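Values in this document were obtained by computation on a predicted structure and should not be read as measured data.
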Amino acid sequence: METGTFDISHVRLGDRPLIVCDVDDVVLQFIDPFQRFLLSEGHELLPRSFHLHGNIVSKDGVALEVIHVSRLIETFFERQEEWQLPLSLAAETLGRLSATADIVFLTAMPPVYADQRRRLLDRFSLPYPLLATRQPKGPVVKALHGVRPLPVAFIDDMAVNLHSVREHVDNCLLLHLMPVSEIHRFAPAAMDDIQRIHDWKEAASLIGRHFTEADAARSLTAANPTA
């Protein structure tokens, strides 16, 4: 399968529910290790908006130029294996969910750094297929799920990604999992019908309920095909 020029043909789904999951600040810590990385480079994140550009300053408090910030972000992704760790309960919860559902990681990261991310995820027993792209996530999830009559869930920390999936995928459980941090205080809120959650224990509960309810609805439809 391809969506635009983005190849997803290596992802093979079974006849099971699907969980599509963001990575940074959802499965792997991002903002905390990125802040530590900046300090090691002699810089600091001073959040005044929900952006990295414009909020990273030098030792004397001067905001770094856009090109400098972009290079710092790229360097962090190059060295992510030195800095990033899983969020609490992420690996354990996804391991349990994988017994009954397919899991795909969809990360908004330049694909050139996908090999580093693959090694990092594998190190923490997170072996699920990885898609790295800057494209909108809604069309990618739609291409993955297609018209399968099976439940699907999507987890992300960014409202824009949740809204994109909401627009393209019907009946998808949308979960907004966002860390507590200074910069996330400025994050846009997701639409009212998108569930805000605080940890992977809550995610597992809502995903389990969604899959159970979807199974019950399909069974009812099968029993009453003319209803």
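How far CE of M109 is from CG of D22: 10.5 Å, rounded to the nearest 0.5 Å. To the nearest 0.5 angstrom, K59 atom NZ is 10.5 Å from L39 atom CG. With values rounded to the nearest 0.5 angstrom, L94 atom CG is found 11.5 Å from S125 atom OG. Put simply, CG on L175 and CG on D156 are 10.5 Å apart, with the number rounded to the nearest 0.5 Å. In this structure, N171 CG and H145 NE2 are separated by 8.5 Å, a value rounded to the nearest 0.5 Å. A distance of 12.5 Å separates CD in E78 from CG in D115, rounded to the nearest 0.5 Å.
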>> Is there a salt bridge (charged side-chain N to carboxylate O under 4.0 Å, His left out) between R36 and D32? Walk through the geometry before answering.
In response: CA-CA 6 Å; R36 294 194 297 273; D32 286 347; 5.3 Å; no
> I73 and H53: side chain to side chain contact (heavy atoms under 4.5 Å, CB included), yes or no, with the steps?
Replying inline: CA-CA 10 Å; I73 296 170; H53 292 85; 4.0 Å; yes
>> Test side-chain hydrogen bond (donor to acceptor under 3.5 Å, both in side chains) on N55 and S49; report intermediate values, then the result.
In response: CA-CA 7 Å; N55 286 320; S49 64; 3.1 Å; yes
> Hey, mind stepping through L87 and V26 against side chain to side chain contact (heavy atoms under 4.5 Å, CB included) and telling me if it holds?
Replying inline: CA-CA 7 Å; L87 267 72; V26 173; 5.8 Å; no
> Between D24 and Q84, is a side-chain hydrogen bond (donor to acceptor under 3.5 Å, both in side chains) present by the stated rule, with each step listed?
Replying inline: CA-CA 9 Å; D24 286 311; Q84 292 186 268; 2.9 Å; yes
> So M158 and D25, side chain to side chain contact (heavy atoms under 4.5 Å, CB included) or not? Walk me through it.
Replying inline: CA-CA 10 Å; M158 303 280 286; D25 273 339; over 6 Å; no
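Taking 4.5 Å as the limit, some side-chain heavy atom of F34 sits within range of a side-chain heavy atom of L52. Contact annotation: the side chain of R117 never approaches that of F105 to less than 4.5 Å [non-hydrogen atoms, C-beta and beyond]. Taking 4.5 Å as the limit, every side-chain heavy atom of F154 sits out of range of all side-chain heavy atoms of C21. The closest side-chain heavy-atom distance from P151 to C172 is not below 4.5 Å. Annotation: side chain of V20 is in contact with side chain of L144 (closest heavy-atom distance under 4.5 Å). F211 places a side-chain heavy atom less than 4.5 Å from the side chain of I19. Side-chain atoms of L177 and W200, non-hydrogen and from C-beta on, do get closer than 4.5 Å to each other. Residues I183 and Q35 fail the side-chain proximity criterion, which asks for heavy atoms closer than 4.5 Å.
Under a 3.5 Å cut-off, the side chain of R118 and the backbone N or O of Y113 do not form any donor-acceptor pair. No side-chain donor-acceptor contact under 3.5 Å links H176 to the backbone of Q195. Between the side chain of T93 and the main chain of A90, no donor-acceptor pair closer than 3.5 Å is present. H168 places no side-chain N or O within 3.5 Å of a backbone atom of V140 that could act as its donor or acceptor partner. In terms of modelled atom types and a separation under 3.5 Å, the side chain of K137 and the main chain of L106 share a donor-acceptor contact. H163 places a side-chain N or O within donor-acceptor distance of the main-chain N or O of M191, the cut-off being under 3.5 Å. In this structure, E74 contributes its side chain and R71 its backbone to no donor-acceptor pair below 3.5 Å. Side chain of S70 to backbone of I67: no donor-acceptor contact under 3.5 angstrom is found. With hydrogens and angles disregarded, no donor-acceptor distance shorter than 3.5 Å links the side chain of R96 to the backbone of A204. In this structure a side-chain-to-backbone donor-acceptor pair under 3.5 Å is present from R123 to E81.
Closest non-hydrogen pair, R148 versus G14, comes out as NH1-O, 3.0 Å. Residues P86 and F124 approach most closely at CG-CG, 3.4 Å, considering heavy atoms. For P136 against S164, the heavy-atom pair with the smallest separation is CB-OG, 4.0 Å. When all heavy atoms are compared, the tightest approach of I197 to E202 is CA-OE1, 3.6 Å. Closest approach of L72 to L64, counting heavy atoms only: CD1-CD1, 3.6 Å. Summarising the geometry of L46 relative to E44, their closest heavy-atom pair is CD2-OE2, 3.5 Å, with the distance given to 0.1 Å.
Annotation for R166: atom CZ does not count as buried by contact number, only 12 or fewer foreign heavy atoms lying within 6.0 Å. In the displayed structure, E65 atom CD is contacted under 6.0 Å by at most 12 heavy atoms of other residues, nucleotides or ligands. Atom CG of D192 has 12 or fewer heavy atoms from other residues, nucleotides or ligands within 6.0 Å.
L131 pairs with exactly one of D7, V11, T107 by the side-chain contact (heavy atoms from CB on, under 4.5 Å) rule, that one being V11. Applying side-chain contact (heavy atoms from CB on, under 4.5 Å) to L174 and the options N161, V169, D193, I194 leaves one that passes, I194.
Taking hydrophobic clusters as Ile, Leu, Val, Met, Phe, Trp and Tyr residues chained together by side-chain heavy-atom distances below 4.5 Å, I155 shares a cluster with V23. Residues F30 and L121 do not share a hydrophobic cluster, defined by chaining ILVMFWY side chains whose heavy atoms lie under 4.5 Å apart. The hydrophobic cluster containing L89 also contains I103, counting ILVMFWY residues as joined when their side-chain heavy atoms lie under 4.5 angstrom apart, directly or transitively. Residue I8 is grouped with residue V141 when hydrophobic side chains (ILVMFWY) are merged at heavy-atom distances under 4.5 angstrom, including chains of intermediate members. Using a 4.5 Å cut-off between side-chain heavy atoms of Ile, Leu, Val, Met, Phe, Trp and Tyr, with links allowed through other members, F77 and L126 fall into different hydrophobic clusters.
Using a 4.0 Å cut-off between a side-chain N of Lys or Arg and a carboxylate O of Asp or Glu, E41 and R79 qualify as a salt bridge.
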